[in-house]
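Structure first, then comments.
What you see below is based on every heavy atom in this structure, not just the backbone, and it leaves out hydrogens, waters and symmetry mates. Given the structure is predicted, the values throughout are model-derived calculations rather than measurements. Indexing begins at 1, ligand by ligand and atom by atom, following the structure's order.
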Amino acid sequence: MKSILVTGGAGYIGSHTAKLLHKQGYQPVVFDNLSMGHEWAVKWGPLIEGDLNNREQIGKALEDYQIDAVIHFAASAYVGESVENPRKYFRNNVANSINLLEAMDDAGVRKIVFSSTCALYGNPEKLPLDETHREDPINPYGDTKLFVERMLKWYGEANGLDWTALRYFNASGADPDGEIGEDHDPETHLIPLVIYAATGKLKQLKVFGTDYDTPDGTAIRDYIHVNDLAEAHLAALNKLGNGTDSNIYNLGTGKGHSVMEVIRSVEKITGLKVPFEETSRRAGDPPELVADSGLAQSELGWIPNFQKLDDIVKTAWHWHQKHHGS
Ligand SMILES: NC(=O)c1ccc[n+]([C@@H]2O[C@H](COP(=O)([O-])OP(=O)(O)OC[C@H]3O[C@@H](n4cnc5c(N)ncnc54)[C@H](O)[C@@H]3O)[C@@H](O)[C@H]2O)c1
């Protein structure tokens, strides 16, 4: 059984990927400092409570578990916070990724799948966004991810590192079995926030911007189910070393949904009313972000199973009811 080091595997997307790794016959070895993740989310392999700021600790994990490949989720991932505190983001996302790459290099581990983001495109010049779109991040978070992609490229050329960067659009939904799901603190993602507003956990949802040039005036995003993201990681992992043409893939459904559509979907699925207030646009929020994932489809053979927003919301609601009990 091959062992895969899953940095950030106690977090949202990492835990869903660990579950799928286990199902497909890998041993997921989670490396997480639990700053954002949860011990309860690590169920399919060992948990190393470690921090990527400690290169020796990473090296020990790679040796102890005879790691074959790394899936690197661990990062700080709040766009707004990155603007206020770039130091934290360059330290955790860039400097700590340098530690990981150096430890891998020293241990002779030469395969990595990296969590990247559509945030590195900045304001879209054309939609849907494909991988040839100009990279022009408008916040430090996006820049940190681009830096890591650049490091991977140069490590690949010099050291034969086999790498894939997956640029996710909006991760959403939860494990359909209800075993794990999204639980960020603070929560900034739209679907859980809309559910919190529906159930009264949040008094009122803030809708940022109702005057965009979109059909209902609210911002449009591409919501990709977390299990589909997990599937893409497995597809990328299985292709490492088999020589695909590209290293970078967008992951989205190719369909955009507005904030109002998400509210209506949550109202339909839960049968509850969502109280919301309209507020002004947030700086740096593009009106619309939708992925062209044709490359992932043709080269990785990846097709998202969750194509309908309602089906995604159903899994998030199912998880919410099990986890929060309302
Ligand atoms: N959620 C999204 O919509 C989205 C979109 C694009 C990209 N991403 C990227 O995907 C990855 C996972 O996102 P998520 O939503 O699951 O986030 P998350 O916060 O739920 O998971 C990140 C995990 O990394 C851990 N971690 C952070 N710094 C660490 C460190 N120094 N050492 C060890 N562990 C550390 C945290 O404890 C947490 O468990 C991130 O890299 C994020 O930037 C997420």
query = Among protein heavy atoms, which lies nearest atom 32 (N) of ligand 1, and at what distance?
reply = L52 N, 3.1 Å

request  = Assert yes or no for the condition that the ring centre distance of W163 to H72 is strictly below 6.0 Å.
outcome  = no

query = Counting from 1, what ligand 1 atoms have a heavy atom of T117 closer than 4.0 Å?
reply = 6 (C), 7 (C)

query = Any idea which protein heavy atom is nearest atom 19 (O) of ligand 1, and the distance to it?
reply = M36 CB, 3.6 Å

task = Mark the output for D51 as yes if a heavy-atom distance to ligand 1 is under 4.0 Å, and as no if none is.
result = yes

inquiry  = Looking only at the side chains, is there a donor atom on one of Y121 and N250 sitting less than 3.5 Å from an acceptor on the other?
reply    = yes

ask   = Would the F90 and F147 ring centres measure less than 6.0 Å apart?
value = yes

request  = Kindly confirm or rule out an N or O of I13 lying under 3.5 angstrom from an N or O of ligand 1.
outcome  = yes

ask   = Does the side chain of Q27 come under 3.5 Å of the side chain of H22 through a donor N or O and an acceptor N or O?
value = no

request  = Identify, for atom 26 (N) of ligand 1, the protein heavy atom at the shortest distance, and state residue, atom and that distance.
outcome  = N33 OD1, 3.5 Å

task = Quick one: look up the protein heavy atom nearest atom 28 (N) of ligand 1 and list residue, atom name and how far away it is.
result = N92 ND2, 3.0 Å

ask   = Of the backbone atoms (N, CA, C, O) and the side-chain heavy atoms from C-beta on, which set of Y141 has a member under 4.0 Å from an atom of ligand 1: side chain, backbone, both, or neither?
value = side chain

ask   = Should G50 be listed as contacting ligand 1, given a heavy-atom distance under 4.0 Å as the test?
value = yes

query = Distance only, no hydrogens: is a donor on one side chain within 3.5 Å (strictly under) of an acceptor on the other, for N85 and Y78?
reply = no

ask   = Salt-bridged, R134 to E125, with N to O below 4.0 Å?
value = yes

inquiry  = Classify the ring geometry of Y12 against H16: parallel below 30°, tilted from 30° to 60°, perpendicular beyond 60°.
reply    = perpendicular

ask   = Given that the side chain starts at C-beta and the backbone is N, CA, C, O, which of these parts of H38 lies under 4.0 Å from ligand 1, counting heavy atoms, or is it both or neither?
value = neither

request  = Report the part of E182 (side chain from C-beta onward, or backbone N, CA, C, O) that has a heavy atom under 4.0 Å from ligand 1; answer both or neither where that applies.
outcome  = neither

remark   = atom 22 (C) of ligand 1 has as its nearest protein heavy atom A75 O, 4.1 Å

query = Just checking, is any N or O donor in the side chain of E182 or H184 under 3.5 Å from an acceptor N or O on the other one?
reply = yes

request  = Before signing off on this row, confirm whether A74 and ligand 1 have an N or O atom pair separated by under 3.5 Å.
outcome  = no

Donor + acceptor pair across side chains of S172, H225 (<3.5 Å) = no

ask   = Which of the listed options, I58, D32, L166, L251, holds the heavy atom that is closest to atom 25 (C) of ligand 1?
value = D32

message = Using a 4.0 Å heavy-atom cut-off, which part of H189 comes near ligand 1: side chain, backbone, both, or neither?
response = side chain

key: L34: numbered ligand 1 atoms lying under 4.0 Å from its heavy atoms   = 37 (O)

query = Between the side chains of E299 and Y249, does any donor sit under 3.5 Å from an acceptor?
reply = yes

request  = Could you tell me the residue and atom name of the protein heavy atom closest to atom 5 (C) of ligand 1, and the distance to it rounded to 0.1 Å?
outcome  = F169 O, 3.5 Å

inquiry  = Quick test of your reading: applying side-chain hydrogen bond (donor to acceptor under 3.5 Å, both in side chains), list the pairs with at least one residue in residues 30-39, sequence neighbours left out, ordered by first then second residue.
reply    = N33-S35, N33-D51

ask   = Does a side chain donor of either Y141 or E81 reach within less than 3.5 Å of an acceptor in the other side chain?
value = no

ask   = Counting heavy atoms only, which part of N96 comes closer than 4.0 Å to ligand 1: side chain, backbone, both or neither?
value = side chain

Atoms of ligand 1 close to S115 [distance to a heavy atom under 4.0 angstrom, numbered from 1] = 9 (C), 10 (O), 11 (C), 41 (O)

task = Note the single closest protein heavy atom to atom 18 (P) of ligand 1, along with its residue, its atom name and the distance in Å.
result = H184 NE2, 3.6 Å

query = Quick one: do the N92 and S76 side chains pair a donor with an acceptor below 3.5 Å?
reply = yes

query = Of F73, F31, Y223, which has the heavy atom at the shortest distance from atom 41 (O) of ligand 1?
reply = F73

query = Using heavy atoms and a threshold below 4.0 Å, how should the contact between T7 and ligand 1 be classified: side chain, backbone, both, or neither?
reply = neither

remark   = To atom 3 (O) of ligand 1, the nearest of S35, A10, A171 on a heavy-atom basis is A171

Taking atom 10 (O) of ligand 1 as the reference point, the nearest protein heavy atom with its distance = Y168 CE1, 3.3 Å

message = Pairing donors with acceptors under 3.5 angstrom, does anything connect the side chains of K255 and Q307?
response = yes

remark   = Heavy-atom proximity to atom 24 (O) of ligand 1, picking from S15, S116, G9, G8, points to G8

